[in-house]
> 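Take a look at the following structure, please.
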Amino acid sequence: MINVAICDDDIATTGKIEEMLCGIAKKCFIPAETEVFWDGKDLADAVEGGSRYDIIFLDIEMEREDGITAAQKIRKVDKNTLIIYVTSHESYMQESFIVRPFRFLLKPVNEMQMEACFGAACEEISSSDSYFRYSYQRMNHKVPIRDILYFESKRRKVYIVTEKEVLELYGKLNDIEKSLKASKTLFLRVHQSFLVNYKHVDRLAYDFIIMDNGKKVSISEDRRRQISEQYCAMEDTFYVDR
């Protein structure tokens, strides 16, 4: 899940940015949650209080507390969040370099610019969190998360099915599911024995899914509603084929 904060003292601007981001995230199959702030101090207070955001879209000019002051406070707590300044004036760029901004967007921002910027930010985030790591036969292994189609549990072993090969390890699917929550890729627990990568789901029916390698995976009865809701949250249309 990508956690995004949007901070601007103009309500119309925050509304437009949030609407664009939600649409882009859905279109690009990126699970994202947004939170809006209308003052730099409120945002900084939230981060100092323990809130964590992968990306912050931040206006520089705000009446109560400007974006540069807010970012300086945020950087004392969080060195990794990607700060994207949304500003009407290029003259502020040099002054803001002290907080290591990721990008600048000049107002008014259009959807094409936002999509390119958000995509670059997501790539930056995933590049530092892109591998599933595990141990097997006294050796450490890693596999790119983007290549994993699904995990399948059989008895004491878990099989990692990728686009090119099938890997194996000893472990529990519940533990793997918990570890993947820190990843920015959405995995769906469709069955007690299957954990699938949402990006590799080709089709969804009422009681099964089809992966993009053609594999048909049943959805257990007690999970159908939850999977439907998760899938609907990411798709504009939900097709049921019973």
> Show, in sequence, the C-alpha distance, side-chain angles and deciding distance for Ile219 and His191, and conclude whether the side-chain contact (heavy atoms from CB on, under 4.5 Å) test is met.
CA-CA 5 Å; Ile219 303 174; His191 189 281; over 6 Å; no

> Might you point out which heavy atoms bring Arg103 and Ala120 nearest each other, and give the distance in Å?
NH2-CB, 3.6 Å

> Is the CZ atom of Arg203 crowded by more than 12 outside heavy atoms at less than 6.0 Å?
no

> If you apply the rule side-chain contact (heavy atoms from CB on, under 4.5 Å), what do you find for Arg224 with Tyr206, and how did you get there?
CA-CA 7 Å; Arg224 288 169 189 168; Tyr206 174 70; 3.7 Å; yes

> Check whether NZ of the Lys or CZ of the Arg Lys216 lies under 6.0 Å from the centre of the six-membered ring of Phe208 and within 45 degrees of that ring's axis.
yes

> Nearest 0.5 Å, please: how far is CD1 in Ile68 from NZ in Lys73?
13.5 Å

> Just verifying a value: how many Å separate Leu43 CG and Glu48 CD, rounded to the nearest 0.5 Å?
9.5 Å

> For residues 33-78, pull every pair meeting ring pair (Phe, Tyr, Trp, His ring centres under 6.0 Å), keeping only residues two or more places apart or in separate chains.
none

> Taking atom CZ of Arg75 and atom OG1 of Thr81, what is their separation to the nearest 0.5 Å?
6.5 Å

> If you apply the rule side-chain contact (heavy atoms from CB on, under 4.5 Å), what do you find for Tyr134 with Ile176, and how did you get there?
CA-CA 10 Å; Tyr134 64 98; Ile176 292 173; over 6 Å; no

> For Glu221, does the CD atom have more than 12 heavy-atom neighbours from other residues, nucleotides or ligands under 6.0 Å away?
no

> Taking the side chain as every heavy atom from C-beta outward, state whether Leu173 and Arg189 have any pair of such atoms under 4.5 Å apart.
yes

> Where the side chain of Thr162 meets the backbone of Lys164, is there a donor-acceptor pair that is under 3.5 Å apart?
yes

> With side-chain contact (heavy atoms from CB on, under 4.5 Å) as the test, pick out the partner of Ile56 among Leu82, Asp78, Ile74.
Ile74

> Measure the spacing between NZ of Lys41 and CG of Asp66 and express it to the nearest 0.5 Å.
13.5 Å

> When you look at Asp8 and Lys107, which way does the salt bridge (charged side-chain N to carboxylate O under 4.0 Å, His left out) test go after all the steps?
CA-CA 12 Å; Asp8 195 303; Lys107 296 179 180 179; 2.8 Å; yes

> Hey, are the side chains of Phe118 and Ile30 touching, using non-hydrogen atoms and a 4.5 Å cut-off?
yes

> Just by modelled atom types, is the Asn3 backbone N or O under 3.5 Å from a matching donor or acceptor in the Asp54 side chain?
yes

> Take Glu115 and Cys28 through the side-chain contact (heavy atoms from CB on, under 4.5 Å) test and state the conclusion after the steps.
CA-CA 9 Å; Glu115 183 168 353; Cys28 297; 4.0 Å; yes

> Looking at every heavy atom in both Gln113 and Leu106, which two are closest together, and how far apart are they?
OE1-O, 4.5 Å

> If you count heavy atoms of other groups shown closer than 6.0 angstrom to CD of Glu163, is the number above 12?
yes

> Considering all heavy atoms of both residues, which atom of Leu58 and which atom of Gly67 are nearest to each other, and what is their separation?
CD2-O, 3.2 Å

> Quick check for you: to the nearest 0.5 Å, what is the distance between Leu169 atom CG and Phe132 atom CZ?
5.5 Å

> How long is the gap from CD on Glu177 to CG on Asp175, to the nearest 0.5 Å?
10.0 Å

> Testing the basics here: between Gly171 and Val158, what is the closest heavy-atom pair and its distance to 0.1 Å?
O-CG2, 3.6 Å

> Is it the case that atom NZ in Lys172 sees more than 12 heavy atoms from other parts of the structure closer than 6.0 Å?
no

> Without placing hydrogens or testing angles, list every side-chain donor-acceptor pair under 3.5 Å for residues 138-156, not counting sequence neighbours.
unit_1, atom_1, unit_2, atom_2, d
Asn140, OD1, Ser135, OG, 2.8
His141, NE2, Tyr136, O, 3.3

> What heavy-atom pair brings Ala70 and Gly40 nearest, and what distance separates the two atoms?
CB-O, 3.5 Å

> Under a single-linkage definition using a 4.5 Å side-chain heavy-atom cutoff for Ile, Leu, Val, Met, Phe, Trp and Tyr, are Val196 and Val166 assigned to the same hydrophobic cluster?
yes

> Provide the closest heavy-atom pair for Met114 versus Ile17 in the form atom of the first, atom of the second, distance.
CE-CG2, 3.9 Å

> Using side-chain heavy atoms (C-beta onward) and a distance below 4.5 Å, is Leu21 in contact with Ile6?
yes

